[in-house]
Amino acid sequence: GRVQARAQYTQTNAQFENDSAFSPKGSENLEARVNAQLATNTRLAFEGSHAVDNINDTQRTGALITLEQQIGENVTLEAGARQSREIQQDFSGGQAGLATIDVRSLRFKSKFIFPKLKKIALLGEYEQSIDDRRQRMASLGVEVPLSSYGRLYVKHEFISAIGGMFALNPTQRRNTTVIGLDATLQ
């Protein structure tokens, strides 16, 4: 099979000032992704992340592993597991301290292509913590191919977290609609 890998590390000091930069000041970020094509219609993927915010004394580490199976030409299913740990400031009870949030979750993703509708795809995703039923994420979207140049997509996410996918948290909510264009320029 074919294997693709990518890793990225960034580090900034406390004096770093650039509002358009990916990394905020006083941070360290490490991300890695590996995709392996196991068979013609089967792909295994790993994604890992470690982020440290030295200004606010917080950190987040997470990993996700998924198995994707294409069934025929019109259906793709994915199942996976995620584990993450976030250490953040906790000011509850009138005293400052550190709180640790651990998340272990299972996720499922599907894509159905409508062959008679110019290959427009319906996307669905659901992730549920195995430790706390209040920690979950669901999304529903549509993807429209744009000739051979790319795709237009719209997705609405319901996430029980403000910090994103590696930070499921039962006390926070974030609902977002994403509209995007993914294109190859030649």
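These numbers come from the heavy atoms of this one structure, side chains and all, not from hydrogens, waters or symmetry mates.
- Within the 4.5 Å cutoff, the side chain of N54 has no heavy atoms near those of the N13 side chain.
- In this structure, the side chains of I130 and L106 come closer than 4.5 Å at one or more pairs of heavy atoms.
- Residues D182 and Y153 are in side-chain contact: their nearest non-hydrogen atoms beyond the backbone lie under 4.5 Å apart.
- Atoms CD1 and CG, from I159 and N175 in turn, are 8.5 Å apart once rounded to the nearest 0.5 Å.
- One distance of note links OG of S27 with CD of Q11; it measures 8.5 Å at 0.5 Å rounding.
- In this structure, CG in L146 is found 5.5 Å from CG in L152, a value given to the nearest 0.5 Å.
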Evaluate the side chain to side chain contact (heavy atoms under 4.5 Å, CB included) criterion for residues V103 and Q83: first the C-alpha distance (whole Å), next the side-chain angles of each, then the deciding distance (0.1 Å), finally the verdict. CA-CA 6 Å; V103 175; Q83 182 162 351; over 6 Å; no

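- The closest side-chain heavy-atom distance from Y126 to M137 is not below 4.5 Å.
- Counting all heavy atoms, side chain and backbone alike, L140 lies closest to G124 at CD1-CA, 4.5 Å.
- Classification of K155 and E157 as a salt-bridged pair holds, one side-chain N sitting under 4.0 Å from a carboxylate O.
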Trace of the side chain to side chain contact (heavy atoms under 4.5 Å, CB included) decision for R43 with E78: CA-CA 9 Å; R43 183 176 68 93; E78 179 182 295; 4.2 Å; yes

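- Between A14 and I55 the shortest heavy-atom distance is CB-CD1, 3.8 Å.
- A side-chain N or O of T42 and one of Q69 form a donor-acceptor pair less than 3.5 Å apart.
- The backbone N or O of T61 sits nowhere less than 3.5 Å from a side-chain atom of Q59 that would complete a donor-acceptor pair.
- The same ILVMFWY cluster, assembled from side-chain heavy atoms under 4.5 Å apart, contains both I65 and L38.
- Grouping the Ile, Leu, Val, Met, Phe, Trp and Tyr side chains by contacts below 4.5 angstrom, directly or via other members, places I179 apart from V142.
- Annotation for R104: atom CZ does not count as buried by contact number, only 12 or fewer foreign heavy atoms lying within 6.0 Å.
- G26 and T12 get closest at one heavy-atom pair: N-OG1, 3.1 Å.
- Distance alone, capped at 3.5 Å, places no donor-acceptor pair between the H156 side chain and the S139 backbone.
- Without hydrogens or angle criteria, Q128 side chain to R133 main chain gives a donor-acceptor distance under 3.5 Å.
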Go through it in stages, so that I can follow the logic: the residues are F158 and R136, the test is side chain to side chain contact (heavy atoms under 4.5 Å, CB included), and I'd like the CA-CA distance, side-chain angles, deciding distance and then a yes or no. CA-CA 8 Å; F158 307 89; R136 61 183 163 269; over 6 Å; no

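- Inter-residue side-chain proximity for D57 and I87 is flagged as unmet; no heavy-atom pair is nearer than 4.5 Å.
- R82 is listed as a side-chain neighbour of E127, based on a closest heavy-atom distance under 4.5 Å.
- Within a 6.0 Å sphere centred on OH of Y149, other residues, nucleotides and ligands contribute 12 heavy atoms or fewer.
- Among residues two or more places apart in sequence or in another chain, the side-chain contact (heavy atoms from CB on, under 4.5 Å) test is passed with K111 by T76, I113, A121, L123, E143.
- Within the 4.5 Å cutoff, side-chain heavy atoms of K109 are placed close to those of R107.
- With rounding to the nearest 0.5 Å, the separation of OG in S49 from CG in N29 is 7.0 Å.
- In this structure, NZ in K119 is found 15.5 Å from CZ in R151, a value given to the nearest 0.5 Å.
- At distances below 3.5 Å, at least one donor-acceptor pair connects side-chain atoms of D132 with backbone N or O atoms of R134.
- Hydrophobic clustering (ILVMFWY, side-chain heavy atoms < 4.5 Å, transitive): I71 and F112 are in one cluster.
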Would you check, one step at a time, whether the test side chain to side chain contact (heavy atoms under 4.5 Å, CB included) holds for K25 with E17? CA-CA 7 Å; K25 65 181 174 180; E17 292 290 337; 3.2 Å; yes

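- Side-chain contact, S129 with Q135: a donor N or O sits under 3.5 Å from an acceptor N or O.
- Between L122 and F114 the shortest side-chain heavy-atom distance falls below 4.5 Å.
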